[in-house]
Amino acid sequence: MITFYTYPGPNSRKAQIMLEESGEAYDTRKIDITKGEQFDPAFLAISPNNKIPAIVDHTPQGEVPVFETAAILTYLAEKSGRLLPAAGAKRFDVLAWLVWGTGSVGGTLPQLHHYADLPVPVPGTVERFTTEAVRLFKVLERRLQANEYICGEYSIADIPTFCSTAGWLQRVKQLSDGQLGDTPAIDRWLQAVAARPAVRRVG
Ligand SMILES: N[C@@H](CCC(=O)N[C@@H](CS)C(=O)NCC(=O)O)C(=O)O
């Protein structure tokens, strides 16, 4: 049994989709980040960076705490034998694109969200993060023109980028004032991932 520490939002959604994809049994513990519960010492022992999502796997050999979305997805993929090649170049291709999704895409879009919604704009910030978001979505569009999913077959590399893109593609298109243009390959991929039963169960 796995305990899933969560609060509604894009990062928790990424981890929960993989919990569903993995078929592992899990229960859910809400950490209310609006009330500072992420700083409770008991939670910091699991997630020292004071962020959700995190999991604890209660195994016969002992408890395994895992924080950071990329590590959680990798752990669940290894445990279930799903959505991550076991070895070789394909495994590292998936891991590279997984980190790209959590680090580059997942790092840029919340910054854009923050600066675009400030009541008093900070000069240059929206432009900077919009330019980077456009660049990242062009990378993704090229990749998906050549591959059905980011690494060929559906894998853990698709999950974080799917969550970020589903939430942000249209806003980036508006903010970019035509720089991004049409994204037919991303649109096709968004529909395919959204139709997966595990993704639909998470909502
Ligand atoms: N790099 C982390 C980011 C996780 C993250 O930003 N979580 C946010 C909620 S979406 C959080 O816990 N914020 C609480 C805080 O910053 O105190 C990951 O990929 O898991």
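What you see is a predicted model; the values in this text were computed from it and never measured. Start at 1 and go down the list; that is how both ligands and their atoms are numbered. All residue numbers refer to positions in the sequence shown, counting from 1.
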In this structure, atom 1 (N) of ligand 1 is nearest to the protein heavy atom E68 OE1, 2.9 Å
Does P53 come within less than 4.0 Å of ligand 1, judged by its heavy atoms?
-> yes
Measure from NZ or CZ of R29 to the centre of the six-membered ring of F4 and say whether it is under 6.0 Å with the direction within 45° of the ring axis.
-> no
Among all protein heavy atoms, pick out the one at the shortest distance from atom 13 (N) of ligand 1; state its residue, atom name and that distance to 0.1 Å.
-> I33 CD1, 3.9 Å
Note, L180 side chain near K138 side chain (heavy atom, < 4.5 Å) | yes
Tell me: protein heavy atom nearest atom 16 (O) of ligand 1, and distance?
-> K51 NZ, 2.7 Å
Top protein contact for atom 10 (S) of ligand 1, by heavy-atom distance = N11 ND2, 3.2 Å
Once the angle between the rings of F129 and Y115 is folded into 0 to 90°, is it parallel (under 30°), tilted (30 to 60°) or perpendicular (over 60°)?
-> parallel
Say whether N50 and ligand 1 are in contact under the criterion: heavy-atom distance to a ligand atom below 4.0 Å.
-> yes
With distance as the sole criterion, is a donor-acceptor pair present between the side chains of T6 and S12 under 3.5 Å?
-> yes
In terms of side-chain heavy atoms, does T183 have a donor or acceptor partner in K173 at a distance below 3.5 Å?
-> yes
So, Q170 and Q174: side-chain donor and acceptor under 3.5 Å apart, yes or no?
-> no
Considering only protein heavy atoms, which is closest to atom 15 (C) of ligand 1, and at what distance to one decimal place?
-> Q38 NE2, 3.6 Å
Which of these, T69, I52, L73, has its nearest heavy atom closest to atom 7 (N) of ligand 1?
-> I52
